[in-house]
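Every chain is numbered from 1 and lettered A, B, ... according to where its sequence line falls, protein lines coming before strand lines. Reckoned from all heavy atoms, side chains included, excluding hydrogens, waters and symmetry mates. Worth saying up front: this structure is predicted, and the values here are computed from it rather than measured.
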Amino acid sequence: MKVAPLPPNEAARLEALRRAVLLDTLPEAEFDDAARLASIICRTPIALVSLVDEHRQWFKARVGLSAHETPREVAFCAHAILEGGTFIVPDAQADERFRDNPLVISDPRIRFYAGAVLNDEGGFPLGTLCVIDHVPRHLDEEQREALAALARTVTALLQLRRARNDAEETLDNALDLLQTLDEEGRFLYVNRAWLDALGYTRAEAGALDLFAVIAPDHHGSCRAMLERVHLGENVRNVETVFLTKSGARLVVEGTARAAVDAYGRRVTRSVFRDITERKAAEASLEASELQFRTLAQNAPIGIYRTDARGRCVYTNARWRELSGLGAEEALGDGWLTAIHPEDQAAVEREWLDNTGAGSAFAAAPFRFLTRGGSEKWVRSRAAALRDEDGVLTGYLGSVEDITDLHVVTLALRESASFQRTLLDAASLIIISTDVDGRVRSINAGAQRALGYTSDELVGKPPPAALHDAAEIAARAKELSAELGERIKPSFDVLVAKARRGLTDENEWSYFRKDGTSFPVRLTVTAARDDRGELVGFLGVGKDISEERRSLKARNEVERLKDEFVSTVSHELRTPLTSIRGALSLLHGKVVDLSSSKGEELVRIAHANAERLIRLVNDILDLEKIEAGKLDLRSRSVAALKIIEGAIASTTAIASAAGIELAVIAEDGLELEADEDRLVQVLTNFISNALKFTPRGEVVRVTCAGSDGGVRFEVVDRGPGIAPEQQHTLFERFRQIDTSDARPRGGTGLGLAICKAIVEEHGGHVGLVSSRGLGSTFWFTVPLVRLAQAKA
Amino acid sequence: MKKRVLLIDDDPDIRTVAALGLSAVGGFEVLLASGGEEGIAMAARERPELIILDVMMPGVDGPTTLARLKALTITADIPVIFMTARVQKHELAAYLAIGAIGVIDKPFDPMTLAAQVSAIADRDPQPPGLT
C-alpha cells in the first residue's frame with residue numbers, strides 16, 4: 001500500500017478547511033442530497049462527501065456506509081486531492097497503491113473508486129465527492145461529467161455555507177437579541193447576544209420554543225403578537241419579558257415580522273433590545289415621581305411649579321386651599337388673582353424681576369385673599385429648575401402660611417416699638433445693665449440728660465464719671481452699716497439692695513459728659529428671668545433739678561407768706577400798741593386827761609387809729625386788686641386832669657417841706673381810665689418824692705405821649721436807691737430802710753397798690769435811680785385816643 | 001433806788017406810752033433811744049440795769065443791736081428783753097437763742113408793763129442786782 005504524500009501547501013489547506021466549519025457538524029440535507037444523487041447517477045452502492053483533515057477523512061454526507069470517518073493513511077481521497085479533477089481507480093486489487101489497503105482487503109471491500117475534488121473559493125482541495133463500488137468497473141462519460149458537476153455544486157454549497165457563517169458571526173456580534181421562529185414557534189436561529197442574555201447554549205436553544213422563554217404573565221400578549229405577525233403585520237414596539245435560564249426576568253422591546261427563509265419556510269424574525277435597566281430606571285423614576293406627587297399633594301405647605309417663563313403649571317392641594325383657587329384657575333397667570341389687591345403689584349413685580357433674571361425667588365410676606373374674604377399671610381420661595389445643560393426649565397416653589405406668625409410678629413414689633421417709643425418719650429433716665437453693670441441699653445431720655453450717645457455707653461461698664469465718687473463712698477459706708485456687710489464703693493453700691501430683693505431709691509448727683517451735674521432720684525430694681533435668676537438691673541432715674549428748684553420756690557413762697565403774716569401783724573400791732581397804751585394810761589388815771597400829757601396821749605390814740613384805718617384800707621385795697629375784684633370806674637379823662645388832682649392833694653405837704661412842685665404836661669392826651677385811682681397812684685409817687693427830697697429842691701411831675709400810651713414821671717432829688725433794692729420796691733411792706741429820722745407814716749403798701757392799679761389799667765410801673773442822683777418813678781397807661789387839639 | 005431801764009424803739013408814740021408805763025406805773029428810771037445806734041451808745045454810757053429793745057427798726061435793727069451789745073464788754077452783761085409785734089413762735093425762739101432773756105408782745109398794756117418786765121428779769125437768775 002502506498003500512503004499518499006501531503007499536498008505542497010498542506011498547512012494553508014488545513015486552515016481553509018477549518019474556516020469552512022464543516023468538520024464534526026450535523027448532517028445536512030443539501031450535502032446528503034448531493035451524495036445520494038452521485039450514488040444514483042453513477043450506479044454505485046456507496047457515495048460520500050469526504051473531507052480530509054490532518055489525520056483522517058471525515059464524512060459530511062454518506063450513502064451506503066456506516067462509518068463516519070477513516071484514518072488518512074488509508075484514504076483514497078488523500079490521493080484524490082493530490083491529483084485535482086476527478087480521480088478514478090477502476091480496480092483497487094489491480095492497483096498496487098491500494099491492493100493491500102485495509103479498506104480493500106476487508107469491509108467495505110472497495111474495488112472501484114471515483115472522487116471529484118471539492119475546491120474552496122481559494123482553490124484549496126478540501127476533500128471529494130466520491131462514489132465507491134465493490135466490483136471493478138468504469139464510469140461512462142455522462143457519469144463522469146455528472147460527478148464533476150455535482151462536486152462543483154457541493155463546492156458552491158460550501159461557499160454559500162461559508163457566507164452564511166460570516167453572516168451569522170456578524171449577527172452574533174450584534175448587541176440586539178435576534179431570533180427566528182418557525183411556524184410552531186420553535187427557534188430556528190438565535191444570535192450570540194440572545195444566548196448570552198438568556199444563558200442558554202446554541203444546542204439548548206435549538207430544543208426550545210418561544211413560550212419556554214417568555215414569562216408566563218406575557219404569554220397572552222405574546223400569542224396575540226404572533227397572530228398579528230402571521231396575518232402579515234410588521235409589529236413594532238413589541239414589549240415582552242423573557243425568563244432567563246436562571247429564572248430572571250429580562251424586559252425587551254423590539255420588532256417582529258413575518259418572512260420566508262431560504263428554504264421557503266414561513267418564519268418569524270424578531271429583533272429585541274434588553275431594556276431591563278431602562279425599565280428599572282423608569283420604574284424607579286415613576287416611583288420617585290409618585291412619591292413626590294404624594295408628598296406634594298399631602299404637604300402642609302403650598303407647592304407650585306411653573307414653566308421657564310414663570311407661568312404656573314402645577315399647584316398642590318394646600319396651595320389651592322390657601323389661595324382659594326381651583327387647580328385650573330391657578331394655571332398660567334391665574335395665581336395672581338388670589339393675591340390681596342394691595343399686595344398684587346409688589347408680588348408681581350418681584351416675581352417678574354426674579355423669573356426674568358432666572359434667580360431664586362423669595363418674596364416679602366404677602367396676603368392671599370380668598371373669594372370668601374379670608375385673608376392669609378404667606379411667605380413664598382421658589383428655586384429655579386435647570387436641565388443638565390443648565391438651561392432654565394421652570395420654577396419649583398413653596399408657599400407657607402405665616403398668618404399666626406405674622407400676627408404675632410406684628411404685635412411684637414408694635415409692642416417693641418411702643419415700648420421703645422415709651423422709653424424714649426419718657427423724660428426719665430432708664431438704663432439697663434447686666435449683672436456686672438455692663439450697660440445693655442439706655443433710652444433717649446438718658447442720652448438727652450447725660451449727653452452721651454447710646455454707642456458711648458452700651459456694652460461698656462458704667463463710666464465712673466457718671467457718679468460722684470464721694471457720694472458713692474458715703475453711701476457704701478451707710479449701706480455697709482445698714483446691711484451688716486461690707487459693700488465696696490463701686491457699682492455694688494447702686495445695686496446692693498436690689499440684689500437682695502429690696503427696693504432702693506436714692507438721690508444721686510449725675511455728671512453729664514460736659515462735666516456739669518444734676519440731681520437724680522434713682523430707683524434700682526433687679527431684673528430676673530422666668531426661673532428667678534438674676535439677669536441684670538434696671539435703673540430708672542428722674543432728673544429732680546426742677547423738683548428741687550420748685551421745692552426751693554415753694555419754701556420761698558412759704559417763707560414769704562410767713563413773712564407777710566409776720567409783717568402785717570407787726571404793722572397792725574404797732575399802731576394798736578400806741579392806741580391801747582394811750583387809752584390804758586388815761587383809763588388807769590395815771591395821767592390826767594386835761595393835762596398836756598393827757599392831751600398828747602389822746603393825740604397819739606387818734607393818730608394811730610387813723611394810721612390803723614389807712615393800713616386796713618390799704619390791705620383790703622391790695623387784696624381786692626390782686627383778687628381781680630377792683631372795679632375800675634373807667635371813663636374818658638385828660639391826662640392833665642390826673643396831674644392836677646395829684647398836685648392838689650400834695651401841694652400842702654410840699655409847701656410844708658419847702659419843696660417846689662414843677663409840672664410839665666403835654667396837652668391833649670386823653671385816657672380811658674379810673675381818674676381817682678390814677679390820681680391815687682400819682683399822689684403816692686409825689687408823696688414819696690417829697691419824703692426823700694431835701695428842703696429847697698424841686699420835684700418834677702411830667703406826662704407825655706409815649707409809644708401808644710401816656711407816661712407819667714415823678715422826678716425827685718432824693719438820695720437815690722441802690723440797685724439791689726430797686727426790684728423789690730414795688731412789693732408789699734418793702735419800704736426802704738433808712739436811718740432818716742423823718743417819720744415814715746406810710747403803710748409799706750403804697751407802691752404795691754400803685755403797681756396793681758396801673759397793671760389793672762394795662763400799663764407798667766418802674767423806676768430809674770442811682771445813688772446820689774435822685775430817682776424817677778414812672779408809670780404808663782395805654783392811650784385811648786389823642787384829644788382833638790384845640791386850635 | 002430806782003431801777004434804770006433803757007427803752008430802744010423807733011416809734012415815738014410807743015416810746016411815750018411805754019415810758020409812762022415804766023416810770024409812772026412801775027417807778028423805773030427810764031432812758032429812751034430812737035434807734036439801735038443811739039441805744040448802743042446810751043447803754044455804754046449809762047450802763048442801765050435792763051434794756052427793752054424793739055425788734056423791727058430801720059437802720060440797725062433789734063437783733064443787730066443785741067449782738068453789738070453782747071460784743072461790747074461793758075454792755076455784754078446787761079439783760080435785754082425784746083419787745084415786738086412779730087409774735088410767731090419760731091421768732092420767739094430765735095430771739096431767745098441770740099441772747100434775749102425774754103420777749104414782750106406788742107401791743108402791751110402800759111399799766112402792767114413794768115410788772116411784766118420785772119417778772120422776766122426775776123425769772124432769769126443771770127442779771128445780778130436786778131430785784
Minimum heavy-atom distance between [X] and [Y], given as atom pair plus value:
{"X": "B:Val17", "Y": "A:Gly581", "answer": "CG1-CA, 3.1 Å"}
{"X": "B:Lys106", "Y": "A:Arg573", "answer": "O-NH1, 2.9 Å"}
{"X": "B:Met111", "Y": "A:Gly588", "answer": "CE-CA, 3.8 Å"}

ask   = With a 4.5 Å heavy-atom cut-off, do A:Arg603 and B:Asp13 have their side chains touching?
value = yes

- Query: Can you tell me if NZ on B:Lys70 sees more than 12 non-hydrogen neighbours from other groups inside 6.0 Å?
  - Reply: yes

Cut-off 4.5 Å, heavy atoms of chain B, and the answer for A:Leu585 is both

To the nearest 0.5 Å, atom OG1 of B:Thr16 lies from atom CD of A:Glu600 at 5.0 Å

- Item | Criterion side chain to side chain contact (heavy atoms under 4.5 Å, CB included) on B:Asp11 and A:Thr577, from CA distance to verdict | CA-CA 10 Å; B:Asp11 190 309; A:Thr577 303; over 6 Å; no

